Amino acid sequence: MENAGYILTEIWKARPSWVEMTDVQRKTYFDDKINPLLMEMIGKGAELLGCAVNNNTGNERIDYQFMAIWKFPTKEFSDKLEKAAKEAGFLDYFEQVNFSGDLITPPMLNDSMINL
């Protein structure tokens, strides 16, 4: 299968350092650091597939508040976003976990799970 892209799922929750900031400080941080970074990535070919606030009530719910799903042409491009977000101080304010990998078909996923 030709490379269909690379998927990055970011999942995060606020740290006390974020909660302690005022709304004005939070907005300023997003306006000055995060929004320009996101627009730059999108301008270079990243695709933000969707965002969500966690409202899952099932037994498997994880204790994280927010999620974004990105599609990139390559893993290297995804790595650039992760590095840039870290440099912008995002991890100072949010605890984040990521899940990423090459975009594959359902049969390829099944084969990976069967052939562990």
Side-chain angles (χ1 to χ4, degrees):
M1 176 178 163
E2 184 179 318
N3 181 1
Y6 193 82
I7 297 293
L8 167 65
T9 300
E10 301 174 301
I11 302 170
W12 67 96
K13 61 183 172 182
R15 294 183 186 274
S17 57
W18 184 256
V19 175
E20 293 164 1
M21 293 172 69
T22 67
D23 290 353
V24 171
Q25 291 170 314
R26 292 179 198 151
K27 183 175 181 339
T28 299
Y29 173 73
F30 267 86
D31 288 347
D32 292 349
K33 299 280 187 174
I34 300 304
N35 292 338
L37 170 62
L38 299 182
M39 292 301 100
E40 178 185 351
M41 291 292 132
I42 290 169
K44 291 181 176 180
E47 184 180 352
L48 182 57
L49 299 178
C51 302
V53 176
N54 189 1
N55 67 358
N56 186 308
T57 57
N59 291 335
E60 294 80 18
R61 182 187 193 281
I62 60 172
D63 186 31
Y64 284 81
Q65 297 165 289
F66 310 104
M67 177 181 76
I69 302 174
W70 292 88
K71 182 179 178 187
F72 299 94
T74 64
K75 179 185 185 315
E76 292 74 26
F77 195 160
S78 174
D79 291 345
K80 287 180 185 178
L81 173 66
E82 290 187 59
K83 180 180 179 191
K86 184 176 184 178
E87 290 173 352
F90 195 79
L91 299 181
D92 296 336
Y93 300 114
F94 297 95
E95 180 181 325
Q96 181 171 327
V97 295
N98 296 331
F99 185 96
S100 59
D102 291 318
L103 186 59
I104 59 176
T105 65
M108 292 170 73
L109 177 65
N110 293 348
D111 286 346
S112 293
M113 293 182 342
I114 292 166
N115 298 309
L116 279 179

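Fair warning: this is a prediction, and the values are worked out from it, not measured in the lab.
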Please lay out, stage by stage, how Leu81 and Leu8 fare under the test side-chain contact (heavy atoms from CB on, under 4.5 Å). CA-CA 10 Å; Leu81 173 66; Leu8 167 65; 4.1 Å; yes
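- By the side-chain contact (heavy atoms from CB on, under 4.5 Å) test, Thr22 is found to be paired with Val24, Gln25, residues two or more places apart in sequence or in another chain being considered.
- Applying the salt bridge (Lys or Arg N to Asp or Glu O under 4.0 Å) test to Glu47 and every residue at least two apart in sequence or in another chain returns nothing.
- The structure places CD1 of Ile11 at 4.0 Å from CD1 of Ile62, a figure rounded to the nearest 0.5 Å.
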List, one per line, each side-chain donor-acceptor pair under 3.5 Å for residues 93-100, sequence neighbours excluded.
{"from": "Glu95", "atom 1": "OE2", "to": "Tyr64", "atom 2": "OH", "distance (Å)": "2.9"}
{"from": "Gln96", "atom 1": "NE2", "to": "Glu10", "atom 2": "OE2", "distance (Å)": "3.3"}
{"from": "Gln96", "atom 1": "NE2", "to": "Asn98", "atom 2": "OD1", "distance (Å)": "2.7"}
{"from": "Asn98", "atom 1": "ND2", "to": "Glu82", "atom 2": "OE1", "distance (Å)": "2.8"}
{"from": "Ser100", "atom 1": "OG", "to": "Tyr6", "atom 2": "OH", "distance (Å)": "3.0"}

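- By the side-chain contact (heavy atoms from CB on, under 4.5 Å) test, Ala46 is found to be paired with Met41, Trp70, Phe72, Phe77, residues two or more places apart in sequence or in another chain being considered.
- No option in Phe90, Phe66, Trp12, Phe30 other than Phe30 meets the ring-ring contact (aromatic ring centres under 6.0 Å, His included) test with Trp18.
- Counting only residues at least two apart or in different chains, salt bridge (charged side-chain N to carboxylate O under 4.0 Å, His left out) contacts with residues 52-71 comprise Lys13-Asp63.
- For Arg26, the salt bridge (Lys or Arg N to Asp or Glu O under 4.0 Å) test picks out Asp23, with sequence neighbours left out.
- One hydrophobic cluster, built from ILVMFWY side chains closer than 4.5 Å, cannot hold both Ile69 and Met39; they sit in different ones.
- The ring pair (Phe, Tyr, Trp, His ring centres under 6.0 Å) analysis of residues 42-61, with sequence neighbours excluded, yields no pairs.
- Rounding to the nearest 0.5 angstrom, the gap separating the CG atom in Asn54 from the CE atom in Met67 is 8.0 Å.
- Shown here are the salt bridge (Lys or Arg N to Asp or Glu O under 4.0 Å) partners of Asp102, two or more places apart in sequence or in another chain: there are none.
- Closest approach of Arg15 and Leu91 over heavy atoms only: NE-O, 2.8 Å.
- Cys51 and Leu48 make their closest contact through SG-CD2, 3.8 Å (heavy atoms, listed as atom of the first residue, atom of the second, distance).
- Residues satisfying the side-chain contact (heavy atoms from CB on, under 4.5 Å) criterion with Asn59, sequence neighbours excluded, are absent altogether.
- Qualifying salt bridge (Lys or Arg N to Asp or Glu O under 4.0 Å) partners for Lys75, counting only residues two or more places apart in sequence or in other chains: Asp79.
- With sequence neighbours left out, Asn55 forms a side-chain contact (heavy atoms from CB on, under 4.5 Å) with no residue at all.
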Sequence neighbours left out, cut at 3.5 Å: what donor-acceptor pairs do the side chains of residues 106-116 make with other protein atoms?
{"from": "Ser112", "atom 1": "OG", "to": "Met108", "atom 2": "O", "distance (Å)": "3.1"}
{"from": "Asn115", "atom 1": "ND2", "to": "Asp111", "atom 2": "O", "distance (Å)": "3.0"}

